[in-house]
Amino acid sequence: MEEIMAEDKNVSHLDLVRHSMAHVMAEAVLSFFPDAKIAIGPSIENGFYYDFDLSRSLTIEDLDLISDKMKEIIKEGGAFEKKVVSKKEASEIFSNQPYKLELIEALPEVEEISIYTNGAFTDLCRGPHVESASKLNPQSFKLLSVAGAYWRGNENNPMLQRIYGTAWSNPKELRLYLTQLEEIEKRDHRKLGKELDLFSMHEEAGAGLVYWHPNGARIRMEVENFWRAQHYDNGYEMVYTPHVGKSWLWETSGHLDFYKEGMYPKMEMDNADFYAKPMNCPFHIMIYNNSKHSYRDLPCRWAELGTVYRYEKAGALHGLLRVRGFTQDDAHIICTPSQVEDEIVEVLRFSLEMLKAFGFTEYKAYISTKPEKSVGREEDWELATVSLKKAVDREGLEYEIDNGGGAFYGPKIDIKIKDALGREWQLSTIQFDFNLPERFKMAFTDSDGVEKRPFMIHRALLGSIERFFGVLIEHYAGAFPVWLSPEQVRIVPVAEPFFEYAKEVEQLLKKKGIRATADLSDDRMNAKIRVAQTKKIPYALILGENEKSQRSVSMRPRFSRENISMALDEFVDFVRKKVADKETI
RNA sequence: GCCCUUGUAGCUCAGGCGGUAGAGCACCACCAUGGUAAGGUGGGGGUCAACGGUUCAAGUCCGUUCAAGGGCUCCA
């Protein structure tokens with residue numbers, strides 16, 4: 001407990017430092033741009049920012065100058081002096097600062113308004129700050145970037161210039177953070193995607209559309225095969241549905257009313273309008289509604305790796321993480337009210353099992369409950385929400401509740417995982433839908449002979465295959481576990497006389513289902529080993545006279561300088577076990 | 001969609017004040033090559049993102065478009 005307190009205290013001290021840094025930065029900027037209009041400058045995770053309205057655009061060089069000026073200000077070590085003023089006084093002080101005036105206007109009449117002065121700079125601010133600039137360390141901050149940001153985050157407001165900085169208690173922490181940034185850059189899936197020849201995007205063929213290269217496709221196939229096998233094992237059936245549907249479908253589902261801006265525009269054919277699907281649900285419902293259902297048939301659990309297309313704003317696209325065409329690992333569970341609870345418990349358990357198989361072991365759940373505007377019966381919401389909470393409790397997951405944060409059609413659980421760098425990613429989502437069953441008039445005949453509306457649960461475990469792939473690449477830094485590696489074994493003959501043995505080993509491994517390639521190029525063996533290492537291939541097999549005569553291999557794992565000799569058969573078993581166990585290496 | 005930055009060979013990049021392109025890696029050829037992270041020599045490859053403009057002359061200056069990056073916004 002004490003430790004946690006100490007940590008909290010540390011964090012809040014850092015907040016003071018960061019917030020104070022923002023003030024120092026504003027003072028520095030004002031010294032270069034006396035006419036600058038200042039907006040807001042809070043502390044944020046890892047640092048701080050301040051928004052400015054300036055006469056010209058800032059450049060990277062400006063950041064250096066501003067940074068130097070900040071160091072001067074810190075060295076002067078002026079105190080942060082607080083003063084309480086009336087609203088009227090505040091308005092006078094900031095009479096030529098329109099953004100500040102807007103903030104002051106918005107303050108309630110009774111509240112006392114505090115202003116802080118440091119050196120030549122006075123800011124409207126709730127505080128608190130460090131006592132004086134001398135408490136700041138000129139060596140433990142760094143200005144990182146300049147970006148556009150709307151005043152108050154509203155796109156109808158003027159665009160301001162935001163300077164981002166990072167600040168820490170001491171230079172060592174700063175260095176640690178900067179090193180971490182470098183590590184994140186090294187793992188960037190866009191960079192690794194190129195280096196390992198996994199996927200590409202093509203501006204001339206459309207932004208946000210992914211091309212899976214043979215190496216990436218190998219990984220995807222493994223993921224999908226595993227996914228299908230797991231679903232059959234867990235009581236799901238697979239379905240396949242079309243990629244386009246007539247407007248009737250989207251009018252009935254309501255998508256044309258409330259999701260049109262997220263859809264690709266219509267295609268006209270035979271006097272009808274067709275749309276590429278942004279979601280799979282209506283199609284699965286078509287299958288359900290194809291026949292009458294008894295309560296005895298339920299639950300239906302229908303899964304599909306369904307490829308959908310959604311319009312994302314150009315500026316929102318980001319590598320594999322936000323694209324315009326992607327494949328959801330989708331499924332819909334259609335069940336009776338009495339089955340809801342068990343289904344939710346089961347789907348959550350299944351979800352965690354799936355994530356675990358890919359090396360994710362830390363999860364956090366986010367439950368979103370009924371918003372003000374919603375459809376569906378009160379008791380259905382209640383049952384659904386209680387089921388979600390019970391399931392989370394049963395799994396012992398840490399969770400947060402976003403009261404009123406659900407979609408209008410039903411409550412949901414989102415699961416976020418932590419990757420190898422401790423970053424959170426949202427993957428799984430489990431959502432109730434009280435809207436579509438109603439719109440499509442879905443029904444089942446209950447034991448009392450009465451037709452009733454079934455519950456529908458929409459869920460994706462990996463989210464989208466593209467996004468999941470991006471997260472996997474970064475999680476493993478491109479060094480995939482053996483079962484996922486596009487190439488599992490690279491065979492390196494010591495010299496040409498051993499090419500025959502190398503080919504023989506390659507054939508044998510392939511027959512055993514191991515993805516192996518013999519490197520028969522005319523490079524020297526040193527170069528071949530290097531290539532195997534840089535491609536992050538799990539194992540390199542060095543084959544020479546010793547190995548040939550004994551039918552053995554000399555195995556060199558990636559990122560290792562040591563080699564292990566073993567019989568060829570032994571190596572086959574070794575790799576097959578790694579694959580079967582889904583071991584990292 | 002908005003603000004800023006960027007776009008030169010498959011990849012990573014160089015090309016002071018305009019005078020129609022370079023390096024390393026990769027690729028191809030030849031030579032060399034027997035033990036754990038790059039052997040040597042030579043060669044091919046670019047309408048300098050696209051389109052339009054200024055100019056005797058544009059990779060270089062201007063405009064538009066597309067794409068990428070950093071953010072904002074949005075996110076059934």
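By convention in this document, chain letters (A, B, ...) are assigned in the order of the sequence lines, proteins followed by strands, and residues within each chain are numbered from 1. In what follows, every heavy atom counts, from backbone to side chain, and hydrogens, waters and symmetry copies are set aside. Remember, it's a predicted structure, so these values are computed and weren't measured experimentally.
Spacing between C13(B) and G69(B) at atom P, rounded to whole Å, works out to 14 Å. When the C1' atom is compared between U8(B) and A49(B), the two are found 10 Å apart, to the nearest whole Å.
When the nearest nucleotides of RNA chain B are assigned to A147(A) and N563(A) by heavy-atom distance, the more 5′-ward of the two goes with N563(A). Two residues, F498(A) and G208(A), neighbour RNA chain B, and the one matched to the more 5' nucleotide by heavy-atom proximity is F498(A).
Between R152(A) and E102(A) there is a salt bridge, with a side-chain nitrogen of the basic residue lying less than 4.0 Å from a carboxylate oxygen of the acidic one. At a threshold of 4.0 Å, the pair E506(A)-K503(A) does not count as salt-bridged, since none of the basic side-chain nitrogens sits closer than that to a carboxylate oxygen. A salt bridge is absent between R322(A) and E466(A); no separation between the charged side-chain nitrogens and carboxylate oxygens falls under 4.0 Å.
Using a 4.0 Å cut-off, no side-chain N or O of Y501(A) falls inside it from OP1 or OP2 of G34(B). OP1 or OP2 of A67(B) has not a single side-chain nitrogen or oxygen of R190(A) nearer than 4.0 Å. A sub-4.0 Å separation between OP1 or OP2 of A37(B) and a side-chain N or O of R556(A) is present.
Put simply, the side chain of Y49(A) and the base of G71(B) share no donor and acceptor less than 3.5 Å apart. Judged by distance alone, with hydrogens and angles left aside, N526(A) brings no side-chain donor or acceptor close enough to the base of U36(B) to form a pair under 3.5 Å. Judged by atom type and distance alone, R310(A) does not reach the base of C75(B) through any side-chain donor-acceptor pair under 3.5 Å.
Across every strand in view, G44(B) sits unpaired, with no contact that passes the Watson-Crick or G-U test at under 3.5 angstrom. Base pairing analysis places A58(B) opposite nothing; no Watson-Crick or G-U wobble pair with both distances below 3.5 Å involves it.
Aromatic rings of F434(A) and Y409(A) (six-membered ring for Trp) have centroids beyond the 6.0 Å cut-off, not under it.
Listed candidates were G1(B), G34(B), U33(B). Nearest to the side chain of V494(A) is G34(B).
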